[in-house]
Amino acid sequence: MSSPKTYSSKDVEQRWYQHWLDHDYFRSVPDDREPYTICMPPPNVTGVLHMGHMLQYTAQDALMRKARLEGKNACWVPGTDHASIATEAKVVKKLRAKGIKKSDLTREEFLQEAFAWKDEYGGIILEQFKLLGAGADWSRTRFTMEPKLSAQVLKAFVKLYESGQLYRGKRMTNWDPEAQTVLSNEEVVYSDENKNLYHVRYQVEGTGEYIVVATSRPETIMADTGLAVHPDDERYTKYHGKKVIVPLVNRAVPIVTDDYVDPEFGTGALKITPAHDPNDYEVGQRHGLEVIDILNADGSLNGLAEFFVGEDREDARISAVKKLKETGDLLETKQYRTSVGRSERTDSVVEPRLTLQWFLNMEKLAATALAAVKEGEIDFHPAGMFNMYQSWLRPENVRDWCVSRQLWWGQQIPAWYHEGETYVAETAEEALAQAREKTGNPALQLSDLKQDEDVLDTWFSSALWPISVFDGMLGDTTELEYYYPSTLMVTGWDIMFFWVARMIMFGYEFSEGELGSGFVAKHGKMPFKDVFFTGMVRDEKRRKMTKSLGNSPDAMVLLERYGADGVRFGMLSSAAAGNDIIFDAPIDPETKKARNESKLCDQGRRFCNKLFNANRLLQGWTQVDRDPTEAEQIAADWLEARLSQTIEQVNVAFDDYRLSDAVMSLYKFIWGDFCSLYLEIVKPTDGEISQATYDRTIAAFEQMMTLLHSFMPFITEEIWHQLKDRSAGDDCVVSSWPKAKAYDADLLSRFEMLQTLVTGVREVRKSRNLPERDALDLYFRRSATSEALLSAPAFCTIASKLAYLNQLELAEAQPDNSLAFLVKTEAAYLILDETIDVAAEREKMEAELKRLKGFLIGIEKKLGNERFVAGAPEEVVARERKKQADTKEKIGQLEMMLG
RNA sequence: GGGCGGUUAGCUCAGUUGGUUUAGAGCAUCUCGUUUACACCGAGAGGGCCGGGGGUUCGAGUCCCUCACUGCCCACCA
């Protein structure tokens, strides 16, 4: 055989991927077949392939490929997300490197730069998905900010406004001073950090007494407009109604009493800074306190602060501490641990800030979305994820969604302002028309209106994705009627609230039709029927793999090293639905970075090699025109039975999204049963095999390729074509998912007996250091079972071949010079030349006998119990009876052996 | 503070309405093997009072209570 002994994935992968593209196999157009649709979670245009992607997109690809093999119209819609903050930050950084500030550019100029950036880098990740084998319909590739999608986003905005669910208001919001935009609550990540707690004294006006306040933010003292104590706190009762003098600024502010104050914390006295703390804002509102905002958008102090003007809040804190020390007002500094909110994108400490924003009322949307899953219109996998979903969406927890962002990269909010009036419309012209009508002034011009400067939160457009990728809001709903609702959404549970919940909200909201221009959902209003939550990919220390930790291996290097099939196997073999996967790339103790290695992926690569060599073996055989032997026939019968059994297991696993179970069933069947057992049985010594057996082998192997194709598309396609000459279009990717046939369970159990026998003989050889290939004689004690077993000559042939036996016969009693052992319930005797340590053998058998007797007592106790026999299901009782009989049989055999 | 999970072999995990030969897999470990598909392989072995305690039941890894440890979500944190 001249072909190489090892499989090389490189050219194979490239070649077949191109072949699939050339034949448009991933293309989907509506027809009369059942659709199987997944809207690909659009990766950020700033994204590069990481482990999380590999898990999620491999899972999707496996499901898509299976659906295609099952004859469904498989449609996987790809695309990218404009990722407003992330992308804008990248572009700003790039400009800065060129010495350009964002503020130097007009909005149009900036967007031009941003689109240029997107055109250059935005497609990289989709190309990487192709290397992974992802079979999406690339002709459908969409981008959340392309004109048609933006148009739909604006339409959605207008509809939500018209239905009264969108409103604009001044609220305490989360401000990212680095990106200089507001964030939604979900975009703020809290973690515990060490901070200082400063005790600062405030003089009670007109007295020499002081009230000491505990604060972590001394730099906001200049914005203090009150001091609060608990109404029942007797320490402070005498000060009720008085005022204190704020240090540094020497402003007199009222002492107020409020239940919010916890007398136990700090000194029990709280300085109130309504502009810079959400709770203080509430307290301030309740007591009519002034709001003094001393911060600029970038987090530096403004003129209202009087002190430290122009300093960043962090620097100002240091300055304030220094100054307060000088004045003697800082009494104490304590360390404590508290949670600090940071921007998910920029990691900058979030500043509470009173700003004017657009909010989406969640009341109705959340209730609908909650009911959809609760009532089973949408199924979560794993089902337990519903708990998390519910806790977020229940009315007492859900809060209105701030949808405006102070950015340029995104859909500009379609609201125009004129003389205190707001006009929301899809286009400026419509807004103008509204304004003319409202004001009764037909001379009003576009230039008289001012459009809102802000853009929409990225997730607002993402929420529309399952509808907008089919242009569902644009009038022609042909595609939508066919593909909507999509079959499945596959994504990580970490964006359940960001995205999944909101897609569900929008899905129901815009398919209701009651607003006039919503589309009519033919097959259900939900955006998808199932959600398959994948877990997080974590490192060996269970930390989430992140760029900053450097604990993630390089996905591209893994693909290079193990091949896409190997990596896919590695990702999926540990991916039960919803469970986090612990990826086994070792962390280098020196560098603390992940090595680009993985035993799981290597297992996948070795599996490829096994398949490659199994195929090589088959290719080396010469087919001859002779009748198959009985042994070949029985082996092939068994193989086909095991194949059917495996198909059943794989189908069940797929239905439950237990992809790891599916892939492992195939792995064990192909490696353990097909390669290690079946091929060894039928493998000819002279290289010649009967045509019939060959055909059956190839047919079975071919089905294995189809089954495995969803997980390992490249090597299976390669082998598919090596198995036989194929006409054009006869490709594994579009073959038929095999059907399980009824199989003979008895045959399977006879083979189990065979395997036990073979293993038993090998074990005897091992334990006595006998060469594996010296032929031995084996006898079975005559019994009904053993007689039946040996009556099939093929059985003897196979057993002899695998265990290297001279002969396999029945015996009435233990022959001389033989070693006795049990094969399931049967006594077997192996003739050995050497002398046998009778005492040691007896000891072993007696131990086993004792174990079996104990076991039997348990069974008989159960069977002797009337309540068991009466109460347990019939089959359970029958099983116990069989167990009893088998155990008795074994005990009988052992006792006979022991004499 | 409110809620949800987890705890099964050295590691990562299965164990589906309680009953499938007194617990399974993959990996790792140990022993042996230069067998012409594959040493990226083959053969064999060892390894678990199913976190502790209590209860329900004829029967519990599986249900209930309790304790311990652990992970996560939400809220709050002067």
Side-chain angles (χ1 to χ4, degrees), chain A residues 1 3 5-7 190 192 197-198 213-217 228 260-262 265-273 277 279-280 336-340 384-392 397 493-494 496-497 536 540 542 573-574 576 579-584 599-600 602-603 605-621 652 656 658 660-661 664-665 667-668 675-676 679-680 683 687 758-759 762-763 765-767 769 771-773 824-825 851-852 854-855 858-859 861-873 875-877 879-880 882-884 886-887 890:
Chain A
M1 239 167 278
S3 66
K5 288 182 170 188
T6 50
Y7 170 67
Y190 291 91
D192 282 351
L197 192 61
Y198 303 95
V213 149
T215 179
S216 63
R217 305 204 56 187
Y260 167 73
V261 182
D262 175 7
F265 191 93
T267 61
L270 176 61
K271 79 185 193 67
I272 300 298
T273 321
D277 183 280
N279 292 307
D280 287 15
Y336 82 124
R337 218 167 155 71
T338 188
S339 93
V340 175
M385 287 291 171
F386 174 70
N387 287 327
M388 212 198 285
Y389 181 77
Q390 173 166 253
S391 77
W392 196 71
N397 290 344
W493 56 257
D494 56 328
M496 180 188 287
F497 309 140
M536 300 296 103
E540 50 188 21
R542 293 182 174 273
S573 60
S574 51
N579 281 9
D580 286 1
I581 79 167
I582 311 296
F583 194 76
D584 62 350
K599 281 185 177 155
L600 287 169
D602 197 50
Q603 195 183 348
R605 189 186 60 91
R606 293 200 321 267
F607 189 30
C608 287
N609 204 53
K610 189 74 181 174
L611 296 167
F612 174 80
N613 277 293
N615 177 57
R616 218 157 61 90
L617 176 68
L618 296 176
Q619 300 310 313
W621 290 345
V652 167
D656 293 344
R658 294 153 61 121
S660 54
D661 282 1
M664 286 315 289
S665 292
Y667 177 81
K668 283 186 270 188
C675 294
S676 295
L679 288 180
E680 291 305 324
K683 183 157 71 178
V758 172
T759 302
R762 284 170 176 168
E763 198 184 329
R765 285 187 209 261
K766 282 271 178 205
S767 65
N769 267 327
E772 214 173 296
R773 293 199 147 180
K824 299 232 174 199
T825 58
R851 191 190 70 86
L852 285 171
F855 185 46
I859 301 168
K861 213 165 120 190
K862 214 184 255 189
L863 284 168
N865 187 323
E866 274 177 45
R867 298 179 66 179
F868 170 71
V869 182
E875 56 185 63
V876 174
V877 179
R879 211 149 36 208
E880 287 304 309
K882 170 90 167 84
K883 243 200 278 194
Q884 182 192 31
D886 286 354
T887 310
K890 285 184 193 176

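Order of the sequence lines sets the chain letters (A, B, ...), proteins ahead of strands, with each chain counted from 1.
A/Arg762 comes within 4.0 angstrom of the backbone, heavy atoms only, and of no base. Within the nucleic acid shown, A/Pro771 has no heavy atom closer than 4.0 Å to any nucleic acid atom. Counting any heavy atom pair closer than 4.0 Å across all strands shown, A/Cys608 reaches no nucleic acid atom. Residue contacts for A/Arg542: at a heavy-atom cut-off of 4.0 Å it reaches the sugar-phosphate backbone alone, with no base atom in range. Within the nucleic acid shown, A/Thr338 comes within 4.0 Å of at least one base atom, counting heavy atoms only. Within the 4.0 angstrom heavy-atom criterion, no nucleotide atom of any strand lies near A/Phe612. Heavy atoms of A/Ile582 sit under 4.0 angstrom from primed sugar atoms or phosphate atoms, though from no base atom. Across all strands shown, A/Tyr667 has heavy atoms under 4.0 Å from sugar-phosphate atoms exclusively, and none from any base. Contact annotation for A/Arg217: no contact, since no heavy-atom pair falls under 4.0 Å across all strands. Using a 4.0 Å heavy-atom distance criterion, A/Leu197 is classed as a sugar-phosphate-only contact. Base engagement by A/Thr6 is indicated by at least one non-hydrogen atom pair under 4.0 Å involving a base atom. Backbone-only engagement by A/Gln603 is indicated by non-hydrogen atom pairs under 4.0 Å involving sugar-phosphate atoms exclusively. Contacts of A/Thr759 with the nucleic acid, taken as non-hydrogen atoms under 4.0 Å apart, involve only primed sugar atoms and P, OP1 or OP2. Within the nucleic acid shown, A/Asp262 comes within 4.0 Å of at least one base atom, counting heavy atoms only.
Between A/Arg606 and the phosphate of B/C41, there is a side-chain N or O to OP1/OP2 separation shorter than 4.0 Å. For B/A37, the OP1/OP2 oxygens have a side-chain nitrogen or oxygen of A/Lys683 closer than 4.0 Å. Here A/Arg765 does not reach the OP1 or OP2 of B/G44: none of its side-chain N or O atoms lies under 4.0 Å away.
Pair assignment for B/A45: B/U29, on the basis of Watson-Crick or G-U wobble contacts that are both within less than 3.5 Å. Under the Watson-Crick or G-U wobble criterion, with both distances below 3.5 Å, B/A68 is paired with B/U7. B/G1: Watson-Crick or G-U partner is B/C74, with both key distances under 3.5 Å. B/U16 is unpaired under the criterion used here, namely a Watson-Crick or G-U wobble arrangement in which both key atom distances are under 3.5 Å.
In terms of position along RNA chain B, the nucleotide closest to A/Asn387 lies nearer the 5' end than the nucleotide closest to the other residue of the pair A/Asn387 and A/Lys668.
Rounded to the nearest Å, the gap between the P atom of B/G24 and that of B/U20 is 10 Å. Between B/G52 and B/A68, the distance separating the two C1' atoms is 7 Å to the nearest Å. Separation of the P atoms belonging to B/G19 and B/C4 is 26 Å when rounded to the nearest angstrom. Separating the C1' atom of B/G18 from that of B/A9 is a span of 24 Å, rounded to the nearest Å. Taking the P atoms as reference points, B/U66 lies 27 Å from B/C49, given to the whole Å.
Taking only side-chain atoms of A/Thr887, from C-beta outward, the nucleotide of B/G19, B/A37, B/U21 with the closest atom is B/U21. For A/Trp493, whose side chain is taken as the heavy atoms from C-beta onward, the closest listed nucleotide among B/A78, B/C74, B/C72 is B/C72. Among the nucleotides B/C4, B/A78, B/U12, the one closest to any side-chain atom of A/Thr215 is B/A78. Out of B/A37, B/G26, B/U20, the shortest distance to the side chain of A/Met664 is found at B/G26. Nearest nucleotide to the A/Arg616 side chain, out of B/A78, B/C27, B/A37: B/A37. Candidate nucleotides B/G19, B/G15, B/U22 were compared by shortest atom distance to the side chain of A/Arg658, and B/G15 ranks first.
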task = Check the pair A/Lys766, A/Glu763 against salt bridge (charged side-chain N to carboxylate O under 4.0 Å, His left out), reporting the backbone distance first and the verdict last.
result = CA-CA 5 Å; A/Lys766 282 271 178 205; A/Glu763 198 184 329; over 6 Å; no
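If you measure from atom CD1 of A/Ile581 to atom C1' of B/U12, you get 10 Å, rounded to the nearest angstrom. Per the geometry, NZ belonging to A/Lys5 stands 5 Å off P belonging to B/A39, to the nearest Å. Straight-line distance from the CG atom of A/Asp656 to the P atom of B/A14: 13 Å, rounded to whole Å. Put simply, CG on A/Asn865 is 13 Å from C1' on B/G19, counting in whole angstrom units.
No side-chain donor from either of A/Arg606 and A/Asn609 sits under 3.5 Å from a side-chain acceptor of the other.
A donor-acceptor pair is defined here as one N or O able to donate and one able to accept, closer than 3.5 Å; such a pair exists between the side chain of A/Asn397 and the backbone of A/Ser391. Between the side chain of A/Asp584 and the main chain of A/Leu600, a donor-acceptor pair closer than 3.5 Å is present.
Ring geometry for A/Phe612 against A/Tyr7 counts as tilted: the plane angle lies between 30° and 60°, on a 0 to 90° scale.
Evaluation of atom-type donor-acceptor distances gives no pair under 3.5 Å for the side chain of A/Lys271 against the base of B/A78. In the interface, the side chain of A/Glu680 is paired with the base of B/A37 through a donor and an acceptor atom under 3.5 Å apart. Side-chain atoms of A/Lys610 and base atoms of B/C38 include a donor and an acceptor less than 3.5 Å apart. You'll find a donor-acceptor pair under 3.5 Å spanning the side chain of A/Lys766 and the base of B/C32, going by distance alone.
Looking at every heavy atom in both residues, A/Asp494 comes nearest to A/Met536 through OD1-CE, 3.2 Å.
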